[in-house]
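Presented below is the structure to which this report refers.
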Amino acid sequence: MIIRRPPDIRASEITPKSVYLRRREFLGGAAALGVAAALPFGPAWAALTAAKSPFSTDEPQTPLKDVTSYNNFYEFGTDKDDPAKNAHTLTTTPWKIKADGLIDKPAEYDLDDLIKDIALEERIYRMRCVEGWSMVIPWVGIPLASVLKRLEPQSSAKYVAFETLVRPSEMPGQKGLFQALPWPYVEGLRLDEAMHPLTILAIGLYGEKLPNQNGAPVRLVVPWKYGFKSIKSIVRISLTDSQPKISWEVANAREYGFYSNVNPDVSHPRWSQATERRIGGSTGGLGGLFAKRHPTLIFNGYGDQVAKLYDGMDLKKNF
Amino acid sequence: MARAAQQRSMVSRVVLGSDPVRRAIYIVGMVPAVWYFYAGINNQLGADPLNVLERALGLWALRFLVAGLAITPLRRLGGPNFIRYRRAIGLLAFYYAALHLTTYLVLDQGLDLAAIWADIVKRPYITVGMLAFIVLVPLAVTSNGPSIRRLGARWNSLHRLVYIAAAAGALHFIMLVKVWPLEPLIYAALVAGLLLFRFQAYARKRWAPQPAAKRERTRSAS
Ligand code: HEM
């Protein structure tokens with residue numbers, strides 16, 4: 001079993017020594033018995049075992065260091081390196097998710113209960129940010145559909161809305177005079193998009209639990225949409241019959257739409273969406289500075305799977 | 001031997017000027033550009049080194065523009081007089097703007113002319129940045145002794161274009177951020193303050209105590 005960490009952070013710096021030592025024992029024991037570490041959640045030292053998925057890409061993966069140091073997570077600040085600097089203050093256990101709206105099982109769920117016994121999968125997805133850069137990230141998660149089914153949506157439910165945690169004491173971007181967005185951060189999907197097998201709730205990446213700056217303990221990943229749709233640190237899931245007002249649409253409706261499907265033909269007023277820069281500056285040589293842009297693909301290259309969701313829709317109007 | 005040294009010193013005098021302080025300003029002023037480029041090719045600029053380099057060069061261009069604009073108010077308000085170094089600072093602003101533009105053209109866009117043109121006409125923040133740069137070109141070209149002598153009073157009016165460059169640079173910065181972080185607003189406030197100071201000084205000279213007859217004429221003309 002391989003447990004990857006940024007090379008400059010020793011495990012002992014993150015985890016109390018005793019736990020860290022126990023982890024060694026545990027892994028040793030598990031290996032000896034040939035048992036996988038089958039704990040999907042719980043103690044901080046649990047590595048995640050996940051089944052491979054045919055949905056994964058075999059493109060080169062963005063180094064862990066870049067995935068965890070270059071983040072848009074405005075609850076922790078607006079600079080790309082703010083989340084990595086500030087998110088360590090976030091406590092993610094216990095973690096409750098309020099499920100409400102048009103479902104038969106509304107409740108405040110403990111995250112562990114909500115995802116219990118759903119098999120973890122590794123999904124290596126491209127992620128395309130609306131700002132014109134992209135990464136390839138090995139997520140660990142479960143299909144959102146399997147969680148939604150547990151909540152038993154009613155037939156009138158058409159959309160799913162999500163909210164991020166609001167906790168100014170642990171999220172410095174939610175304090176002070178200059179706050180980037182109104183909180184909570186809200187995102188949403190049409191129910192068929194939410195039930196699509198590509199849509200996952202991720203709880204880890206690179207075989208370990210999600211780092212806080214990447215949206216711990218649980219976030220959405222919708223690989224054919226711009227990154228901001230993949231809402232982080234989710235505390236609420238509501239099923240509704242009307243289209244939720246998503247945060248970026250509220251902030252600037254001319255620039256950001258509800259669908260926000262990756263589309264090279266619909267350019268954003270600030271960024272052409274025709275091409276993208278693959279992040280991976282630390283991979284070596286002059287690659288970072290002199291890397292060529294890649295052409296951006298419609299639906300981020302997932303058109304075969306998802307284009308039919310939008311049959312007959314004008315994607316320029318519904319951007 | 002001696003001749004070679006003499007030639008070398010002549011070259012450096014033409015390039016850097018003869019005043020040692022001014023030379024030091026050029027050399028120190030170029031340190032950030034060299035550092036960022038060096039760090040970039042050595043993978044020390046994080047996950048997206050190109051963007052960090054591009055932004056750093058733009059930010060230094062704006063900083064030198066603000067510094068250049070601050071020199072006169074500083075002196076008027078009783079501070080030190082750096083007027084001898086204003087040209088060096090202005091030229092540094094231009095060099096950084098040129099490096100910033102070059103980074104965008106070559107490293108960011110890979111000289112894809114169609115994409116660049118589309119950016120310039122369709123993306124207002126690029127349009128405004130380009131305006132700032134174009135305005136700086138005639139100023140940089142005429143920032144030398146012979147031009148100053150040749151242009152005389154017109155030189156001063158020409159160089160007032162720097163107000164437009166600074167305002168456009170600050171606006172460009174505000175337009176390219178997605179939300180309202182503090183930094184671009186601080187630069188915009190600085191530029192606005194400096195422009196206001198100049199305008200106030202100009203207005204005071206133009207409209208304040210004037211001989212009665214002249215004031216009469218101004219009034220009837222308005
Ligand atoms: C006097 C001229 C200019 C000044 C003072 C200036 C200033 C700036 C500043 C302050 C930034 C942001 C730095 C930061 O975020 O820390 C920036 C970014 C940028 N500028 Fe300029 N700029 C100028 C001209 C131009 C021109 C001519 C272009 C292109 C044609 C351009 C393209 C860009 C781009 C692409 C970015 C980065 C945007 C992003 O990261 O999304 N700028 N500039």
Side-chain angles (χ1 to χ4, degrees), chain A residues 62-72 74 77-82 84 129-135 173 176-182 228 247-248 251-252 255-256 267-295, chain B residues 33 36-57 59 99 102-129 172-186 188-189:
Chain A
T62 304
L64 176 63
K65 180 162 166 275
D66 294 336
V67 174
T68 55
S69 64
Y70 193 76
N71 308 98
N72 278 326
Y74 285 5
T78 51
D79 284 345
K80 294 281 186 297
D81 56 355
D82 282 342
C129 177
V130 72
E131 298 167 347
W133 51 267
S134 61
M135 294 186 178
L177 218 55
F178 281 85
Q179 297 186 25
L181 293 165
F228 67 87
S247 288
W248 279 105
N252 193 340
E255 298 191 5
Y256 308 95
S267 65
H268 180 280
R270 274 169 232 241
W271 303 282
S272 152
Q273 299 297 21
T275 57
E276 64 200 54
R277 228 179 17 253
R278 256 307 140 74
I279 300 298
S282 61
T283 39
L286 304 176
L289 266 195
F290 296 98
K292 274 220 158 21
R293 285 174 169 270
H294 293 236
Chain B
Y36 272 100
F37 198 75
Y38 175 84
I41 56 182
N42 284 294
N43 282 322
Q44 280 159 21
L45 293 183
D48 195 357
L50 164 64
N51 194 256
V52 173
L53 173 71
E54 185 176 50
R55 285 177 165 253
L57 294 170
L59 194 56
L99 286 171
T102 309
T103 303
Y104 165 82
L105 297 175
V106 179
L107 298 181
D108 189 342
Q109 298 297 324
L111 288 176
D112 178 343
L113 295 181
I116 291 164
W117 182 247
D119 258 4
I120 293 175
V121 296
K122 278 203 220 144
R123 267 163 267 301
Y125 89 87
I126 300 272
T127 318
V128 171
H172 166 72
F173 193 3
I174 286 192
M175 290 170 86
L176 67 89
V177 290
K178 288 202 290 191
V179 287
W180 294 103
L182 198 51
E183 203 185 10
L185 297 178
I186 291 177

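So that the names make sense, note that chain A is the first sequence line, chain B the second, and so on, each numbered from 1.
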In terms of heavy-atom proximity below 4.5 Å to chain A, should B/Leu45 be classed as side chain, backbone, both, or neither?
neither
Proximal component of B/Val106, with respect to chain A [non-hydrogen, under 4.5 Å]:
neither
Please flag which part of A/Arg277 lies under 4.5 Å from any non-hydrogen atom of chain B: side chain, backbone, both or neither.
side chain
Give, as side chain, backbone, both or neither, the part of A/Glu131 having an atom under 4.5 angstrom from any heavy atom of chain B.
side chain
Given a strict heavy-atom distance threshold of 4.5 Å, which part of A/Thr78 is in contact with chain B: side chain, backbone, both, or neither?
side chain
Do B/Leu105 and B/Leu111 pass the side chain to side chain contact (heavy atoms under 4.5 Å, CB included) test, and can you show the C-alpha distance, the side-chain angles, and the key distance before you say yes or no?
CA-CA 5 Å; B/Leu105 297 175; B/Leu111 288 176; 4.2 Å; yes
Measure the acute angle between the ring planes of A/Tyr70 and A/Trp133, then classify it against the limits of 30° and 60° as parallel, tilted or perpendicular.
perpendicular
Turns out that what part of A/Trp248 lies under 4.5 Å from chain B's heavy atoms comes down to side chain
Would you say the side-chain atoms of A/Lys80 and A/Asn71 include a donor-acceptor pair closer than 3.5 Å?
no
Comparing B/Glu54, B/Met175, B/Gln44 against chain A, the one with the most heavy-atom pairs below 4.5 Å turns out to be B/Met175
Please round to the nearest 0.5 Å and tell me the distance separating atom CG of B/Asp119 and atom OG of A/Ser267.
9.0 Å
Which atoms of A/Ala251 are under 4.5 Å from chain B, going by heavy atoms: the side chain, the backbone, both sets, or neither?
neither
Return the CZ to OG1 distance between A/Arg293 and A/Thr275, rounded to the nearest 0.5 Å.
4.0 Å
Please evaluate residues B/Trp180 and B/Ile174 with respect to the criterion side chain to side chain contact (heavy atoms under 4.5 Å, CB included), reporting the C-alpha separation (whole Å), side-chain torsions for both, the decisive distance (0.1 Å), and the verdict.
CA-CA 8 Å; B/Trp180 294 103; B/Ile174 286 192; 3.7 Å; yes
Look up atom OH in B/Tyr104 and atom CD1 in B/Ile120, then write down how far apart they are to the nearest 0.5 Å.
6.0 Å
Between B/Asp108 and chain A, with a heavy-atom cut-off of 4.5 Å, which part of the residue counts as in contact: side chain, backbone, both or neither?
both
